[in-house]
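Structure first, then comments.
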Amino acid sequence: MSFIHFIKLLYRNLIWLVSIPVVLAASVYYFTRNEKKVYSSESIIYTGIASGYSLNGTNKADFYSTSNAFDNLISLIDSRETKEDVSISLLAEHLQKTKSNSEEIGYEAFGDLQNLIEEKTRKKLKGATVEKTKENILKMMNSSDDNLIIEIINSSNPYYSLKALNTIKANRISNSDLIKISYETNDPGICRRTLELLEHSFMRKHRLLKEGQTESVVKYFEEETEKAFAKLDSSEKLFLQFNKQYDIINYYEQTKAIAGEKEDLYALNHTLEMDKHASDVSLKKVNSSIKNRVYQNLYNTQILEERKELSKLYTQITTLQLAGANATESQKQELENFNAQVKDKEKSLKRSLENLYKETNTAEGIPTKEILDEWLKTTLSFEQSKARLAVMDERKKEFDQEYKRYAPLGAMLKKIERQIEVSEEAYLELLHGLSMARLNQQNAELTTKLNVVDPPYLPVQPNKSKRMIQVALSFIVGFVMVLAFILVNALINKTLLEPQRAAKLIDLPFLGLFPLTTESPRFLKMSKLRLVQQLLSKLELNNNKTIKIGLASTEHGEGKTTMANMFKDELEKLNYEVEVLAWNPLIDNQNEESQTAHITIFELPSFD
């Protein structure tokens, strides 16, 4: 289709291209004359997700976690449960009202509510407070799957239905921490209050959701920490009972002290044995140097008794001296008494020896005083060593018993200490986990706290009407639909509408065209002349040649005779001999000669 043909097509159908869009636009204008006014309000909430401060001192947030957090928050706002809660809360507040109020519920909306719920049902739902009314509404809604509340929520009500609340829009403002929530409806007071209830509902759900995540973790760690502490306390009590039972203050220090004392004891015992052996040898040598009589006197009854008493005293003194710094006051007093008795006994033994010296100091002068003094010194040393060795033997037996007692205690104590160590490590680890869980809980409470920075406002002026836009769109839609119909109709039309198309379809040279006979006479006359001119320009006319023109059509009544007569009239006016004949293939006039150009027009039979 050429551009010229397109323009002509528009011109021919101009009346439809104008009338139908105008009628459609007028209809839209008429039917929207009572369009209700729409009021809109919005609110901005600060989330702190992207740049908020946390208890650990950081505010780092990656793109994916931030986007996920905002998606969760917006999904919570758009959730069905949140909007159901808003619908029920709004309905409960309105049921408490006894008259309309421009800031809460308008006159028309209040009247619609009275018509929506019967008075009997309103009295049944209405409670002493808004919360009680809300409980009654929830009770009715949950009583069955088909009741008035469910019907209202799933209806097309402009205030309480999910369909109306689904027009609430929530989106993040650019890349900030702010979320913008907007809503529009027919009543300004309801518009603002709906946003307020929505904010309260989803902020409460968001807080409970975050706190519930951390609360379960904190509860787990609290329970496990209590169990670990009880286990640790039980192990420590067992450790205390074990120490009391076996008189242990510090096992490792005590065993170390016992081992050190044992080594010192064996070293001292070795020294005493050497001293005793030396004293024994010396005593035997001194005894061999004394005459029999003197030797017998030395071992008379008095001297032997004093020697035995000295040996006992030395034994007792040695026993007390082993106590060392741990000795009590009574032991120290006994030690002083024994030392005093030893001195007395030594003096008594010395006097006995002096008497023996006088008795044995004869004219021959055989044992001398020096020999007796040596004998006394050696005897005292021998008795002291003997007494100490006796005490050492008892002490070694005590150490052996002590070793036997402490040997199994070490393994038992190690086991208890290992239990305490494991329990303590588990307790400290759980205590650390509990501290971190509580820190995360506080951090979640801090970071998930949403703040309304721009609360919903009461819209005073309605939104600009979209009536004229709807009218314009209806006109454009009507025009486009009519134009599309015309173009489609032209494209699917198989008639020969223009010369180029006709030549292309019949695949023959194009001679000319003729308009419909319903056109004006002047236009028809001009068309005849033009067609004859085109015909003559295509023919080679000689005086002795007959030109034959055939007129054919696919059906009867398409204008062959009209065209033949038109050609005959116009060509005769130009002094051409023209003959119109019905086509007969049995007659051949090709050899007929004429002095002038002769044109024969044959009306061929129709193809049908």
Side-chain angles (χ1 to χ4, degrees), residues 21-45 77-78 82-118 122 130 149 151-171 173 179-202 452-478:
V22 168
V23 171
L24 187 60
S27 300
V28 172
Y29 183 83
Y30 176 79
F31 288 111
T32 58
R33 68 188 187 279
N34 296 323
E35 181 183 20
K36 291 185 178 181
K37 296 180 180 180
V38 177
Y39 297 86
S40 63
S41 181
E42 62 184 28
S43 176
I44 297 177
I45 299 174
I77 296 174
D78 294 335
T82 301
K83 291 178 179 178
E84 279 187 359
D85 184 62
V86 173
S87 175
I88 293 171
S89 299
L90 185 65
L91 181 61
E93 290 184 358
H94 289 172
L95 288 175
Q96 292 293 109
K97 305 297 180 183
T98 56
K99 61 180 181 178
S100 61
N101 186 345
S102 60
E103 294 186 357
E104 296 178 356
I105 179 172
Y107 177 79
E108 184 177 356
F110 185 77
D112 293 340
L113 178 61
Q114 305 302 311
N115 297 329
L116 182 65
I117 303 176
E118 297 179 354
R122 290 200 304 271
V130 175
I149 304 301
E151 182 180 347
I152 292 174
I153 291 177
N154 294 284
S155 67
S156 299
N157 188 278
Y159 311 116
Y160 313 111
S161 66
L162 292 178
K163 182 178 180 180
L165 296 179
N166 283 334
T167 60
I168 296 175
K169 299 178 181 178
N171 58 324
I173 301 178
I179 288 182
K180 180 180 178 181
I181 305 176
S182 59
Y183 178 57
E184 58 182 29
T185 188
N186 302 330
D187 191 281
I190 294 178
C191 182
R192 180 181 66 174
R193 187 55 184 163
T194 301
L195 287 180
E196 291 175 347
L197 292 174
L198 177 69
E199 290 175 352
H200 178 268
S201 178
F202 93 85
V452 180
V453 296
D454 189 5
Y457 56 87
L458 180 67
V460 179
Q461 298 293 333
N463 297 342
K464 292 183 179 180
S465 176
K466 298 179 181 178
R467 186 183 183 189
M468 298 310 298
I469 297 177
Q470 294 173 349
V471 171
L473 287 176
S474 63
F475 181 85
I476 294 172
V477 170

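Computed from a predicted structure; not experimentally measured.
- Side-chain N or O atoms of R122 include one that pairs as donor or acceptor with a backbone N or O of Q114 at under 3.5 Å.
- Applying the salt bridge (Lys or Arg N to Asp or Glu O under 4.0 Å) test to E104 and every residue at least two apart in sequence or in another chain returns K97.
- By the 4.5 Å heavy-atom criterion applied to side chains, L162 and E84 are counted as neighbours.
- For the atom pair CD1 of I179 and CD of E199, the computed distance is 11.0 Å after rounding to the nearest 0.5 Å.
- Heavy atoms only, all atoms of each residue included: P21 and G478 are closest at CG-C, 3.6 Å.
- Between L195 and S43, the shortest heavy-atom distance links the atoms CD1-N, 4.5 Å.
- Counting heavy atoms from C-beta on, the side chains of T82 and I77 never come closer than 4.5 Å.
- Closest heavy-atom contact between Y457 and S41: O-OG, 2.7 Å.
- If you take CD1 on I181 and CD on E42, they are separated by 10.5 Å, rounding to the nearest 0.5 Å.
- In plain terms, the two heavy atoms of I117 and L91 that are nearest each other are CD1-CD1, 4.0 Å.
- S100 contributes no side-chain N or O that, together with a main-chain N or O of I105, makes up a donor-acceptor pair within less than 3.5 Å.
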Starting from the C-alpha separation in whole Å, work towards a yes-or-no answer on side chain to side chain contact (heavy atoms under 4.5 Å, CB included) for L197 and E93.
CA-CA 11 Å; L197 292 174; E93 290 184 358; 3.6 Å; yes
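- Proximity of a side-chain donor or acceptor of S155 to a complementary backbone N or O of I152 within less than 3.5 Å is detected.
- Taking each heavy atom of I153 and S87 in turn, the nearest pair found is CG1-OG, 4.0 Å.
- Proximity of a side-chain donor or acceptor of S27 to a complementary backbone N or O of V23 within less than 3.5 Å is detected.
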Begin with the C-alpha distance, continue with both residues' side-chain angles, and end with the deciding distance and a verdict on side chain to side chain contact (heavy atoms under 4.5 Å, CB included) for V38 and N186.
CA-CA 5 Å; V38 177; N186 302 330; 4.2 Å; yes
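- Within the model, atoms NE2 of H94 and CG of N101 stand 9.5 Å from one another, a figure rounded to the nearest 0.5 Å.
- Taking NZ of K83 as the start and CG of D78 as the end, the distance is 5.0 Å to the nearest 0.5 Å.
- Considering all non-hydrogen atoms of both residues, T167 and A164 come closest at OG1-O, 2.5 Å.
- Separating the OG atom in S182 from the CD1 atom in I44 is a distance of 10.5 Å, to the nearest 0.5 Å.
- Under the 4.5 Å side-chain criterion, counting only non-hydrogen atoms from C-beta, S89 is not in contact with H200.
- Around atom OH of Y29, no more than 12 heavy atoms belonging to other residues, nucleotides or ligands sit under 6.0 Å away.
- The ring-ring contact (aromatic ring centres under 6.0 Å, His included) test applied to Y159 returns no partner, not counting sequence neighbours.
- Rounding to the nearest 0.5 Å gives a distance of 14.5 Å between CZ of R192 and OG1 of T185.
- Partners of T194 according to the side chain to side chain contact (heavy atoms under 4.5 Å, CB included) rule, which considers only residues two or more places apart in sequence or in another chain, are V86, L90, L165, I168, Y183, I190.
- A donor-acceptor distance shorter than 3.5 angstrom exists from the side chain of N115 to the backbone of G111, with no hydrogens or angles considered.
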